[in-house]
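Scope of the values below: all heavy atoms of this structure, side chains included, with no hydrogens, waters or symmetry mates.
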Amino acid sequence: LTRLPVGPAAFGDTGLVRSATWFPIVGLVVGGSAAATHAAATEAGVAGAPATVLALVAAFALTGGLHEDGLADVADALGAHGARKRRVEIMRDPRVGTFGALAVAVMVVLPVVTLAPLTTGDFAAAVICAHVLARWTILAQARLPVADPSSSAALVRPGWLTVVAGTVTALAIVALVAGWEHAAVAAVTAAGVGAVASAVLLRVVGGVTGDTLGAVTKLVELAVYVALAARLA
């Protein structure tokens, strides 16, 4: 989920399944880093939009753009005509096509426009909730059929106990950060976007892949930004 070194490990089925409970905590680390960067930039006199860009860059640096890459690949696959097998092949292609480029543009511009008007405190609440809930949705997605057995999605198959534990952790974090009312809106938004996106991918691709996990994660992140910004602004 990030580029942060976590020590030597064999990332097979067992390792990733055990780590899945901690996915929302990873979101807290990424969102918290973005919030801290924004706060530091604002304190130094940087205006809202540039401070927001710096915060997003901090998040990109931690994740290596993994989810952005997944969204671009899925956008290219959904934009192409062909059977499910062909769409999966397109997602494996490292090149970015027209639909992928458009998706990248939206995922960069939308957060800046949405988050720039927020105060430092509201910005922190929005980005932390968005990143925590975005990683939480991976747990539910990973219960779906795998469309590409060679993808990383085949390694993340958490049990229901792990999903419940991750859900409790995610909801507790967003409630503490944003309060129960805002947390409820954010959670409903995340669950709704995740469910709709997953249903579309099941129909079009036949299941989940590493790219679809990243794509839905990014879509949920963006949706939570918009939902919370509308309430906090």
Q: Roughly how far, to the nearest 0.5 Å, is the NZ atom of K218 from the OG1 atom of T63?
A: 7.0 Å

Q: Restricting to non-hydrogen atoms, name the atom on A125 and the atom on L228 that form the minimum distance, rounded to 0.1 Å.
A: O-CD1, 4.2 Å

Q: If I take atom CG from residue D93 and atom CG from residue D73, how far apart are they, to the nearest 0.5 angstrom?
A: 8.0 Å

Q: Between the main-chain N or O of G97 and the side-chain N or O of D76, is there a donor-acceptor pair closer than 3.5 Å?
A: yes

Q: In this structure, would W160 and V168 fall into the same cluster of hydrophobic residues linked by side-chain contacts under 4.5 Å?
A: no

Q: Rounded to the nearest 0.5 Å, what's the gap from CG on L71 to CG on L66? Could you check?
A: 13.0 Å

Q: Using the rule that two of Ile, Leu, Val, Met, Phe, Trp, Tyr join whenever any of their side-chain heavy atoms come within less than 4.5 Å, decide whether V104 and V57 are in one cluster.
A: yes

Q: To the nearest 0.5 Å, how far apart are CG in L201 and CZ in R203?
A: 12.5 Å

Q: With hydrophobic residues grouped by side-chain heavy-atom distances under 4.5 Å, do V204 and V88 end up in a single group?
A: yes

Q: Report the distance from atom CG of L115 to atom CG of L232, rounding to the nearest 0.5 Å.
A: 10.0 Å

Q: If every non-hydrogen atom of C129 is compared with every non-hydrogen atom of V224, which pair is closest and at what distance?
A: C-CG1, 4.2 Å

Q: Using every non-hydrogen atom in the two residues, find where A134 and T137 come nearest and quote the distance to one decimal.
A: O-OG1, 2.6 Å

Q: Check step by step if side chain to side chain contact (heavy atoms under 4.5 Å, CB included) holds for T120 and H38.
A: CA-CA 7 Å; T120 300; H38 183 272; 4.0 Å; yes

Q: Yes or no on side chain to side chain contact (heavy atoms under 4.5 Å, CB included) for D69 and D211, after CA distance, side-chain angles and deciding distance?
A: CA-CA 8 Å; D69 177 71; D211 281 327; 4.1 Å; yes

Q: Is any side-chain heavy atom of L139 closer than 4.5 Å to one of F23?
A: yes

Q: Quick check: do V127 and L56 have side-chain heavy atoms less than 4.5 Å from each other?
A: no

Q: In sequence, state the C-alpha distance, the side-chain angles, and the governing distance for H67 and F60, and then conclude on side chain to side chain contact (heavy atoms under 4.5 Å, CB included).
A: CA-CA 9 Å; H67 301 140; F60 293 154; over 6 Å; no

Q: Quick check: do R92 and T209 have side-chain heavy atoms less than 4.5 Å from each other?
A: no

Q: Is there a side-chain contact between F123 and T52 (heavy atoms, below 4.5 Å)?
A: yes

Q: Mark yes or no: R135 above the aromatic ring of W22, with NZ or CZ under 6.0 Å from the six-membered ring centre and no more than 45 degrees from the axis.
A: no

Q: With side chains defined as the heavy atoms from C-beta onward, is the minimum distance between L110 and V226 less than 4.5 Å?
A: yes

Q: Would you kindly confirm whether V200 and V205 end up in one hydrophobic cluster when ILVMFWY residues are joined by side chain heavy atoms under 4.5 Å apart?
A: yes

Q: Can you give me the closest heavy-atom contact between L133 and A187, atom names plus distance?
A: CD1-N, 3.8 Å

Q: Any idea which heavy atoms bring A130 and E221 closest together, and the distance?
A: CB-O, 3.6 Å

Q: How many angstroms lie between CG in D148 and OG1 in T212, if you round to the nearest 0.5 Å?
A: 9.5 Å

Q: Determine the minimum heavy-atom distance between L4 and V29, stating which atoms define it.
A: CD1-CG1, 4.3 Å

Q: List the steps, then state whether side chain to side chain contact (heavy atoms under 4.5 Å, CB included) holds for V132 with V177.
A: CA-CA 11 Å; V132 168; V177 169; over 6 Å; no

Q: Using the rule that Ile, Leu, Val, Met, Phe, Trp and Tyr join whenever any side-chain heavy atoms are under 4.5 Å apart, tell me whether M107 and V112 fall into a single cluster.
A: yes

